[in-house]
Amino acid sequence: MLSNQADGSKKRKSLHGHWSSRMAFVLAVTGSAVGLGNVWKFPYVAGENGGGAFVLVYLACVILVGMPVMMSEILIGRRGRRNPVATMKLLGEEEGSSRHWQWIGLAGVIAGILILSFYSVVAGWTLAYVLKSLTGAFAGATGESVAAQFNLFVGDWRWVTLCHTVFMIVTIFVVARGVERGLEQAVRFMVPALLGLMVILLGYSIASGSFGAGLEFMFTPDFSKLSWDSALDAMGQAFFTLSIGMGAIMAYGAYLPEETSISGASAAVVVADTSIAILAGLIIFPLVFANALDPAGGPGLVFQTLPLALSQMPAGAFFSTLFFVLLAFAAWTSAIGLMEPAVAWIVEHFNRTRAQAAVMVGGLIWFLGLGSVLSFNVLSEFTFLQGTIYNNIDYLTSNVMLPLGGLFIAVFAGWVMCRNSTADELGGAGTVYRFWRFLTRFVAPIGILFVFLKAVGLLPDLS
Ligand code: PHE
């Protein structure tokens, strides 16, 4: 019976094609993971939460929760070989549980749509900053002028809407072209180029004079500053930056060849993603302190510090243009991953072509994105619960939907799927497997639930 299941899954083929090689898969998942989350969101959320202690919790979440959940998503995806909704349904039934697991897949589809609605807006900012850099708008910049420029720009909803629209059109176009042709090519050169440019920027940051202050801010944990809210922000950031908890990685896993090692691929992605986030912090915080900016300055942080630094470098306009082009590319490959669960689901479930599905999903996302566009200008005073519309969508997705999605994915892979199935996908029951299973069954679910309940105030303090 169990071996039949294993054999059954081996014969399954994905409807959408397969990755041409292991490298193509690792690049695609890295492309999805590395994006605005690392360069834009990590520094600003770390800054708002006081640095050190936040970074430590974030790193702990990446290793103890992120890594096992990522492996779980890939193995579930590869075993089901369908879109996340159908895969959860199929495996739920095959493992003798329930078809209702499909709702976890559907929640992921919705999370992807919601995240991309604001992600595309910020990606639009990067497009505008490409143009600004090209035209030398940052020449002779000061701390005040870059802040004023940023506020002026996001304050004009027409520009921001235009950029958001351009970004969505390009994304829809790539997604419509399909897995192999559309996705693989974009990631091959982007991540190494971004990394290279960031190392150059790090050199500049070290020379800025406040590198020590930046290091101290990031790595000296002061736990008195860490509330459970901040811990939830850190956990949400870990999920967001690794693209886990919503089925993006599961959808990519569906196209993964049988022989590829899941643990190896996951480790490579986690290391690449975390290094780029830390590198972004190491670049940005010294610049913040050197120019007397506020580390808790919010979503504009990167858009103020980097133009400032770049404007003072030789060939600054060139490097600045290059940087924002690469960031736009990084955002683009992440956006593709955010749309993939929804698109794959619509193709399979409603029998549409990829192009039709991409246009439908993309159109909806574009419309929802207007809420985030307006959060920075016309509707900036319109606040409820967590703040603006953008603040609420961000909180709902990063701090609620992704961690809870990850919790259910871990429970599914660790408790619902039988040992044979998971060991089969993870290449046998060795040490790595036992370690994964322990983290997936106990550490990840309990950790997620604990931080989440603490932050929303449902677990009382014991003292
Ligand atoms: N990980 C991406 C980033 O950091 C965002 C993302 C989240 C992409 C979830 C896909 C799925 O920018």
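Note that ligands are numbered from 1 as they come in the structure, with each ligand's atoms numbered from 1 the same way. None of the values given here were measured: they were computed from a predicted structure.
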Counting only pairs under 3.5 Å, give me each side-chain donor-acceptor contact of residues 231-251, with atom names and distances, residues two or more places apart or in other chains.
from	atom 1	to	atom 2	distance (Å)
D233	OD1	N399	ND2	2.7
D233	OD2	N49	ND2	3.2
Q237	NE2	G37	O	3.0
T241	OG1	N38	OD1	3.4
T241	OG1	D273	OD2	2.8
S243	OG	S32	O	3.0
S243	OG	S32	OG	2.9

Does ligand 1 have any N/O pairs with the protein under 3.5 Å, and how far apart?
from	atom 1	to	atom 2	distance (Å)
ligand 1	1 (N)	S32	O	3.3
ligand 1	1 (N)	A33	O	3.0
ligand 1	1 (N)	F240	O	2.7
ligand 1	1 (N)	T241	O	3.1
ligand 1	1 (N)	S243	OG	2.9
ligand 1	4 (O)	A33	O	3.0
ligand 1	4 (O)	G37	N	3.2
ligand 1	4 (O)	N38	OD1	3.4
ligand 1	12 (O)	L36	N	3.2
ligand 1	12 (O)	G37	N	2.8
ligand 1	12 (O)	Y119	OH	2.5

Which class fits the ring pair F153 and Y129: parallel under 30°, tilted 30 to 60°, perpendicular over 60°? perpendicular

Less than 3.5 Å apart, which donor and acceptor atoms pair up between the side chains of residues 61-70 and the rest of the protein, not counting sequence neighbours?
none

Under 30°, 30 to 60°, or over 60°: which ring-plane class applies to F150 and F303, parallel, tilted or perpendicular? parallel

Who passes ring-ring contact (aromatic ring centres under 6.0 Å, His included) against W159, sequence neighbours left out? none

Anything under 30° is parallel, anything over 60° is perpendicular, the rest tilted; go ahead and classify W332 against F329. tilted

